2 protein chains.
Amino acid sequence: MGRKRLQETGDGRPTVHTVAARAGVSIASASRVLNGVGGSPETIRKVRAAAAEVGYVPNAIARSLQSQRTDLIALAVEDIGNPVYVEMMRAIESVVAASGRQLLVHATGGQVANETALLRRLAHRYVDGMIVSPIRVTDDHLAALVDSPAPVVVVGQLGADAPVDNVRTDSRAGVGLAVDHLVAAGRQRIGFVNGPLDTVPGAARDAGFRAALAGHGIDLDERLVEVGDFQYVAGRAAAERLLARARPDALVCANDLIAVGALHALLAAGRRVPEDVALVGMDDTELARMMFPQLSSVSLGSAERGRRAAELLLQRIADPALPPRREQVAPHLAVRASSAAVPDVGPLFVPAPTDPAPAPRTPEVTA
Amino acid sequence: MGRKRLQETGDGRPTVHTVAARAGVSIASASRVLNGVGGSPETIRKVRAAAAEVGYVPNAIARSLQSQRTDLIALAVEDIGNPVYVEMMRAIESVVAASGRQLLVHATGGQVANETALLRRLAHRYVDGMIVSPIRVTDDHLAALVDSPAPVVVVGQLGADAPVDNVRTDSRAGVGLAVDHLVAAGRQRIGFVNGPLDTVPGAARDAGFRAALAGHGIDLDERLVEVGDFQYVAGRAAAERLLARARPDALVCANDLIAVGALHALLAAGRRVPEDVALVGMDDTELARMMFPQLSSVSLGSAERGRRAAELLLQRIADPALPPRREQVAPHLAVRASSAAVPDVGPLFVPAPTDPAPAPRTPEVTA
DNA sequence: TTGTACGCGTTATCAT
DNA sequence: ATGATAACGCGTACAA
C-alpha cells in the first residue's frame with residue numbers, strides 16, 4: 001500500500017532518491033553534490049560513495065525537462081549520402097560534439113513538405129536547434145523558417161532579407177570562376193550540365209553560367225545546356241543527351257556527382273579529357289580528387305559553411321536575442337588535370353625507406 | 001502570490017493546462033482527447049478547437065519522461081564519411097524513420113575508449129537503443145557491450161558466442177571470392193593492401209587472404225602484402241610502397257577507398273589496369289562504380305546489414321526479453337572492368353528523343 | 001465520460 | 001550547509 005515514492009526506477013536503476021537514502025541525506029543535498037555545487041566535505045564524501053556503490057547515472061530526460069534543453073542539434077539535408085553533405089555533416093558533427101552536444105540527422109529528399117514538417121516538429125522541443133540546407137524554397141517554407149519554434153540556421157541561399165541566420169556562398173560567382181578558367185584556356189564551346197532549375201542552387205548556377213558567358217561576349221548555344229538532377233545517374237544521362245546533339249570542347253557541371261557522370265559519358269563516347277573536352281565540377285568533394293583524371297572543381301566551402309553554421313547556431317542558442325546574421329563563404333577554383341595540363345595523380349608519397357613501421361616483414365625491400 | 005500553477009510554459013507556449021482551461025475541461029480530459037483515447041463528442045470538439053486556437057504542440061521531453069522512451073536511435077561508426085558507413089547509415093535511417101523514430105549519429109574515430117564512453121552514456125537513457133559497428137574490440141569493450149544499459153546491436157564480427165544481437169558478414173570468405181576470381185583469371189602474383197591488423201576487419205581479411213592463397217596452393221610472397229589504414233591516402237601510400245618493391249599482377253584491397261588509392265598508385269607507376277595489374281576492392285560502394293575503369297569489388301552487404309541491424313534493434317526494443325540473435329549476410333563479388341574483360345562504363349542510357357521534359361529550349365536538336 | 005491527484009527523475013527555491 | 005517542497009509538462013490510476 002501507499003509507500004509514497006519508490007527509490008528506484010521501474011526497471012531497478014538507481015535515482016537521486018536511492019543515492020540520497022543510501023548516503024543518509026536529502027535528495028537536495030544529493031543533487032547538489034552530484035552537480036558539484038555546495039555540500040560539506042563529509043556530505044560530498046558520503047554522496048559520492050553512495051552514488052558509486054549503486055552505479056548512479058543521471059537521467060537525461062528528467063534533466064532536460066528541468067533544464068529545458070536537450071543538448072541535441074538536428075541537421076536536415078536532402079541526402080546524407082551526397083559527398084557534399086557528408087563533408088558538411090562531418091564539420092558540423094565535430095563542432096557539435098566539441099560543445100558537448102549530439103547530432104541528429106534527417107534526410108529530406110529535397111521535399112519541401114518534409115522540411116516544413118521537420119520545422120513544425122521543432123515545437124516538440126526534442127532538439128535545441130536545427131541546421132537545414134534546403135534546395136527548394138517556397139513561400140510558406142520561408143515563413144516556417146522565419147517563425148520557427150526553435151533556433152534555426154540555414155545553409156544556402158535565402159531571400160535577400162529573410163530574418164534568419166544563414167551562411168551562404170555565391171554559387172553564381174562559382175560557376176563564373178569555372179567559365180573564366182575555361183575561356184582563358186582557349187575553350188570555345190562550353191557546355192553546362194545542371195541540376196533541376198526549380199531548385200535554388202540549380203537556378204543560381206544556371207544564371208551564373210549565362211552571365212559568365214555573356215561577360216566574355218559568348219553567345220550561348222542552348223544545345224550546350226542540359227538538365228538532370230544532382231545525382232550521378234541523372235547527371236550522366238543528361239551529359240549523354242547533350243553529347244548526342246552537340247560538340248562541346250568543355251563541360252561545366254553543377255556538382256561533382258554530375259561531373260563524374262559526365263566524365264563517364266565522355267569516356268563512353270570516346271572523347272579524351274581534357275584534350276577533347278575539359279571538365280570542371282562543383283563542390284570540390286574528395287570525389288573530385290579520386291577521379292582519373294582528377295577533376296577540376298569549384299569549391300563552395302561546404303565544410304567551412306557547415307562549421308560556420310554550427311557556430312552560429314550555438315551562439316543563437318546561447319543568446320536567442322541576437323539579430324539575424326548572414327555569413328558568406330567565397331567560392332574558389334581547384335584546377336586539376338581534367339581541365340588543364342597540370343600534374344595528375346602523381347606520386348604523392350615517396351616510399352619512406354627509413355620508416356620501418358608500416359612495412360613489417362620486409363627490411364630488404366628497397367633494393 | 002501563490003497561484004499554484006501557470007498555464008503556459010516559461011516562454012509563453014501553450015501546455016495541456018492552457019488547452020484544458022480554454023476548453024473548460026480538466027487536463028485529464030484534454031490529454032485524453034489529444035491522445036485520441038476517450039472523450040465525449042462534445043469534449044473532443046471543444047478540446048480540439050482549443051488546441052488549434054492556441055497552437056498546442058505536445059512537449060516531447062515531458063512525454064518521454066512519462067513514457068520512458070525517447071524514440072531516438074543512435075548509430076556509432078568510425079567515420080561518417082566513409083562510403084561504406086554512408087550506405088549503412090542511409091539504410092538504417094530509412095528503417096528508423098519509417099518506425100517514427102529518429103537517428104543520432106556518432107563518429108568514434110575507431111577508438112575503443114570513445115565507444116565504451118558512448119555505451120556508458122546509454123545509461124542516461126537519451127536514446128532507446130544503439131547500433132554500433134566497432135572495428136576494434138577489446139575485452140572490457142565486449143563486456144560493456146554485453147551488459148549495456150540499453151538495447152544494442154552490433155554490426156560486425158564479435159566473439160563467437162557473445163550474447164549480443166549482431167549482424168555480421170564473412171569478410172574472410174569475401175577475400176576468398178576475390179582471390180578465386182583472380183586465380184581463375186590466370187593471375188599469379190596476387191598482392192594485398194590491407195587496413196590495420198589490430199582491427200577486426202583487418203585481421204579477418206588478412207587471414208582470409210592467406211587461407212585463400214593456400215587453398216590454391218600458392219606460396220605467399222610477403223613482399224606482396226602491405227598495410228595502411230582504411231582511408232584513401234594511407235591506402236595509396238601503402239600501395240606505392242608495395243609497388244616499389246614487388247611486381248604484382250593483381251591487387252586485392254581491403255576496401256574501396258584503399259582500392260581507389262591503389263588504382264592511383266598503379267596509374268602513377270604507369271601500370272595498366274587490368275592489363276598489367278587486375279584490381280579488386282571491397283565493400284562495393286558506389287565509389288567502385290564511379291571509377292574508371294570501374295572497380296570489381298566484394299560486396300559485404302553494408303546496406304543490408306544496416307537494415308537488418310535496425311530491424312533487430314527495433315524488435316529488441318519492443319521485446320527486451322528476446323534471446324540474443326545473430327544474422328549473417330553473405331558476401332558476393334561484383335566483377336567489373338578493373339579485373340576482367342567486361343564492358344566498362346558503357347552507354348547506360350540511350351538518349352530519349354521522345355521525352356521532351358529534360359531538354360526545354362531545344363526542339364530542333366535531334367537532327 | 002469526467003476530474004483529482006500522483007508519478008516520471010531532476011534541479012531550484014526557500015526557509016531553516 | 002541542509003532539507004522539504006515546488007516546479008518542469010505529460011499521462012494515467014482511481015474514484016466519482
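So you know, we letter chains A, B, ... as the sequences are listed, proteins then strands, and number each from 1. From a predicted model like this one, the values you see are computed outputs, not experimental measurements.
Ranked by how close their nearest DNA chain D nucleotide is to the 5' end, Val25(A) and Pro58(B) are led by Val25(A). The nearest heavy atom of DNA chain C to Arg32(A) and to Pro14(A) marks one nucleotide each, and the one closer to the 5' end goes with Pro14(A). Nearest-nucleotide assignment on DNA chain D puts the 5′-proximal partner with Ile44(A), out of Ile44(A) and Val57(B). Comparing Ala62(B) and Ala28(B) by the nucleotide of DNA chain C whose heavy atom lies nearest to each, the residue mapping closer to the 5' end is Ala28(B).
Here Thr43(A) reaches the OP1 or OP2 of dT2(D): one of its side-chain N or O atoms lies under 4.0 Å away. A sub-4.0 Å separation between OP1 or OP2 of dT11(C) and a side-chain N or O of Arg63(A) is present. Under 4.0 angstrom from either OP1 or OP2 of dT11(C) there lies at least one side-chain N or O belonging to Asn35(A). Contact annotation: Ser26(B) reaches the phosphate of dG3(C) (side-chain N/O to OP1 or OP2, under 4.0 Å). For Ser67(A) and dT11(C), the shortest distance from a side-chain N or O to OP1 or OP2 is not below 4.0 Å. At the phosphate of dG7(C), neither OP1 nor OP2 sits under 4.0 Å from any side-chain N or O atom of Gln68(B). Between Tyr126(A) and dG9(D), a side-chain N or O to OP1/OP2 separation shorter than 4.0 Å is absent. Contact annotation: Ser40(B) side-chain N/O to dT2(C) OP1/OP2 distance is under 4.0 Å.
Closest to the side chain of His17(A), out of dC8(D), dT10(C), dC10(D), is dT10(C).
One interatomic measurement links the two molecules: CD1 of Ile61(B) to C1' of dG7(C), which rounds to 18 Å at whole-angstrom precision. For the pair Leu65(A) CG and dG11(D) P, the computed distance is 12 Å after rounding to whole Å. One can place CD1 of Ile27(A) at 12 Å from C1' of dA7(D), the figure rounded to the nearest angstrom. Here dC8(C) presents its P atom at 19 Å from CG of Asn59(B), a figure rounded to the nearest Å. One atom, NE2 of His124(A), and another, P of dC10(D), lie 11 Å apart when rounded to the nearest Å. As rounded to whole Å, 14 Å separates atom P of dG3(D) from atom CG of Leu34(A). Between the CD atom of Gln66(B) and the P atom of dG11(D) there is a distance of 7 Å, given to the nearest Å. One can place CZ of Arg45(B) at 12 Å from P of dT2(C), the figure rounded to the nearest angstrom.
Ser67(A) and Ser64(A) form no side-chain donor-acceptor contact under 3.5 Å, judged by distance and modelled atom types alone.
The shortest side-chain heavy-atom distance between Thr108(A) and Val132(A) does not fall under the 4.5 Å cut-off.
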Exercise for the section: Begin with the C-alpha distance, continue with both residues' side-chain angles, and end with the deciding distance and a verdict on salt bridge (Lys or Arg N to Asp or Glu O under 4.0 Å) for Glu327(A) and Arg168(A). Expected result: CA-CA 6 Å; Glu327(A) 299 202 351; Arg168(A) 56 181 62 190; over 6 Å; no

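Within 6.0 Å of the CG atom in Asp147(A), the count of heavy atoms belonging to other residues, nucleotides or ligands exceeds 12.
The backbone N or O of Asp165(B) lies less than 3.5 Å from no partner atom in the side chain of Arg326(B), so there is not a single donor-acceptor pair.
Residue-level contact check: Ser31(B) touches the bases, meaning some heavy atom is under 4.0 Å from a base atom.
Ion pair Arg307(B)/Glu304(B) flagged as a salt bridge, since at least one NZ, NE, NH1 or NH2 atom sits closer than 4.0 Å to an Asp/Glu carboxylate oxygen.
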